[in-house]
Amino acid sequence: MKYVLVTGGSRGLGKAICLHLSKQGLPIIINYRSNKAAAEETLKQIEEQGGKGELLSFDVSDRDAVEHALEKWENQHPDDYIDILVNNAGIRQDSLLIFMQDEQWHDVLDTTLNGFFYITRRLLKNMLSHRSGRIINIASLSGIKGLPGQSNYSAAKAALIGATKALAQEVAPRKVTVNAVAPGFITTDMTKDLDENTLKKMVPAGRFGKPEEVAALVSFLASEDSSYITGEVISINGGLYT
Ligand code: NDP
């Protein structure tokens, strides 16, 4: 049986993506780092809408933890494999570069970029041998445009976009697609410290986006209907173009 893995599925965009993808009838593996209660709530809502899911806790930036968790999952699921991977887990640690601490730089890069690398490398083999797979990387407007105060985050997301384009060309012959989604401002815990009333005036649509709107795009990219789209970066930002 084919499974979906959504990293950072406990909250925000990841939660909405889990719920949306579950409607396609696929079982969902909900990854989270520490917020078990929120991950359990995502699972509960999946089950309430008639879907199936399970929790898988690991820190995406910890190579050994990724290996251990995915190996354990594979041992428990000898007839199953992960066909759709959404690399969504991410953090912000904003600071002007001149004041940025080593940890702020490394934590953001490690989560977004190393997380993508460790998990994708681990799951790719099965996708290639099945000649089927979807990898969707959650990038950001910040990775396209660059935003002041976010040199770590912009660098991580821009690198993720580069990796998306390179990997897409490597695996296209085996019917695995790799795309990035670049959201603008979306209402989640990550943006709750921002001044939404001021910032939304910069957005032509006049508002922040909803997690469900991003989830609908991810769901399309995860579906059969998107089979000829690969190596793309799709912006979803209410018209807030770079
Ligand atoms: P939230 O802060 O609301 O949620 C973050 C999620 O990532 C949580 O599920 C959290 O798990 C998980 N997570 C964080 N670090 C790790 C880790 N090391 N290992 C495993 N899981 C981890 O963020 P959003 O939903 O807003 O963001 C989701 C993605 O979308 C991120 O990649 C973000 O950069 C990107 N994005 C968001 C935008 C926005 O406006 N919200 C705009 C553009 C991009 P736990 O609950 O256990 O802490």
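We count residues from 1, following the sequence as given. First listed ligand is number 1; within each ligand, the first listed atom is number 1. Not measured: the values here are computed from a predicted model.
Residue contacts with ligand 1 leave out Lys15, since none of its heavy atoms falls under 4.0 Å from the ligand. The closest approach between Thr7 and ligand 1 stays at or above 4.0 Å for every heavy atom of the residue. Ligand 1 lies nowhere less than 4.0 angstrom from a heavy atom belonging to Ala38. No heavy atom of Gly209 sits closer than 4.0 Å to any atom of ligand 1. At least one heavy atom of Phe58 sits under 4.0 Å from some atom of ligand 1.
Protein heavy atom in closest approach to atom 25 (O) of ligand 1: Leu13 N, 2.8 Å. Counting only heavy atoms of the protein, atom 10 (C) of ligand 1 lies nearest to Arg11 NH2, 3.7 Å. Protein heavy atom nearest atom 22 (C) of ligand 1, with residue, atom name and distance: Ala89 CB, 3.6 Å. Distance from atom 5 (C) of ligand 1 to its nearest protein heavy atom, with residue and atom name: Gly90 O, 4.0 Å.
The backbone of Ala139, and not its side chain, has at least one atom closer than 4.0 Å to an atom of ligand 1 (non-hydrogen atoms only; backbone = N, CA, C, O).
Relative ring orientation between Phe208 and Phe185 is described as parallel, the plane-to-plane angle staying below 30° on a 0-90° scale split at 30° and 60°.
Residue-ligand proximity, Thr188 to ligand 1, at heavy-atom distances under 4.0 Å covers atoms 3 (O), 24 (P), 25 (O), 26 (O), 41 (N). For ligand 1, the atoms closer than 4.0 angstrom to any heavy atom of Ile186 are 39 (C), 40 (O), 41 (N). Of all atoms in ligand 1, listed by their number and element, those nearer than 4.0 Å to a heavy atom of Asp189 are 3 (O).
No hydrogens or angles considered: nothing links the side chains of Ser61 and Thr111 as a donor-acceptor pair under 3.5 Å.
Selection from Gly184, Gly8, Ser10 by nearest heavy atom to atom 46 (O) of ligand 1 gives Ser10.
Of all non-hydrogen atoms in Ala222 and Gln24, the two that sit nearest each other are O-OE1, 4.4 Å.
Taking 4.0 Å as the cut-off between side-chain N and carboxylate O, Arg63 and Glu67 do not count as a salt-bridged pair.
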